[in-house]
Amino acid sequence: MSARELDYWECFRSRFLREMATYLPEEVAKFGKQMESYVDDNSGEKAVLRFTDGSIAEADAVIGCDGIHSRTRQMLLGDTHQASHATYSHKVAYCAVVPIADGISAIGGDKTNNQCTHMGPNTHIVSFPASYASNHDKSLSTCVCV
């Protein structure tokens with residue numbers, strides 16, 4: 001089945017965040033902050049966020065984009081919750097970005113121009129077209145996970 005039929009989209013996280021932020025008023029999205037604590041009493045009012053730089057903000061929604069060792073997730077779920085302390089999975093991903101023309105040469109146009117996943121014993125390969133370069137040239141991004 002073609003990715004065109006799956007409603008599946010994939011992109012680089014940095015580009016996704018940058019593009020999402022362009023649709024918001026400048027004062028809404030704050031990057032580079034470290035949340036120290038929050039209060040959300042489920043009353044329907046805004047959550048109150050306190051940051052390590054001493055600033056305070058109110059929000060209708062809180063989205064923590066702070067990675068695998070997420071302090072936001074720990075605060076939300078509590079320090080004793082299993083998901084609050086992610087551990088190494090012993091999986092490795094090797095990623096590469098190649099010009100789209102090289103991808104077409106290697107694996108064909110249909111697989112190059114659509115998200116494609118190859119599954120095998122103890123490994124899988126994911127490839128997808130992506131606009132990676134600053135000039136928005138189309139590239140093929142491939143991750144091999146073992």
Checklist entry - Hey, what do you get for CD1 (I107) to OG1 (T112), rounding to the nearest 0.5 Å? => result 4.0 Å
Checklist entry - Do T22 side-chain atoms and E19 backbone N/O form a donor-acceptor pair below 3.5 Å? => result yes
Donor-acceptor pairs under 3.5 Å, side chain of residues 69-79 to any protein atom, not counting sequence neighbours: which ones?
residue	atom	partner	partner atom	Å
S70	OG	D66	OD1	2.6
S70	OG	D66	OD2	3.3
S70	OG	T72	N	3.3
S70	OG	R73	N	2.9
R71	NH1	Q74	OE1	3.1
T72	OG1	D66	OD2	2.9
R73	NE	A83	O	2.9
R73	NH2	I68	O	2.5
Q74	NE2	S84	O	3.1

Next on the checklist: Once rounded to the nearest 0.5 Å, what's the spacing between atom CG of N113 and atom OG of S127?
Outcome noted: 10.5 Å
Next on the checklist: Is there a side-chain contact between I56 and L49 in this structure, where contact means two heavy atoms from C-beta onward sitting under 4.5 Å apart?
Outcome noted: no
Next on the checklist: Rounded to the nearest 0.5 Å, what separates atom CD in E45 from atom CG in D40?
Outcome noted: 10.5 Å
Checklist outcome for this item: Rounded to the nearest 0.5 Å, the CD1 atom of I125 sits from the OH atom of Y94 at a distance of 13.0 Å
Checklist entry - Given side chains that start at C-beta, do those of K46 and V48 come closer than 4.5 Å, heavy atoms only? => result no
Next on the checklist: Going by side-chain contact (heavy atoms from CB on, under 4.5 Å), name the residues that satisfy it together with K33, two or more places apart in sequence or in a different chain.
Outcome noted: K30, F51, D53, S55
Item to check | Least distance between heavy atoms, V62 atom then A47 atom | outcome: CG2-CB, 4.3 Å
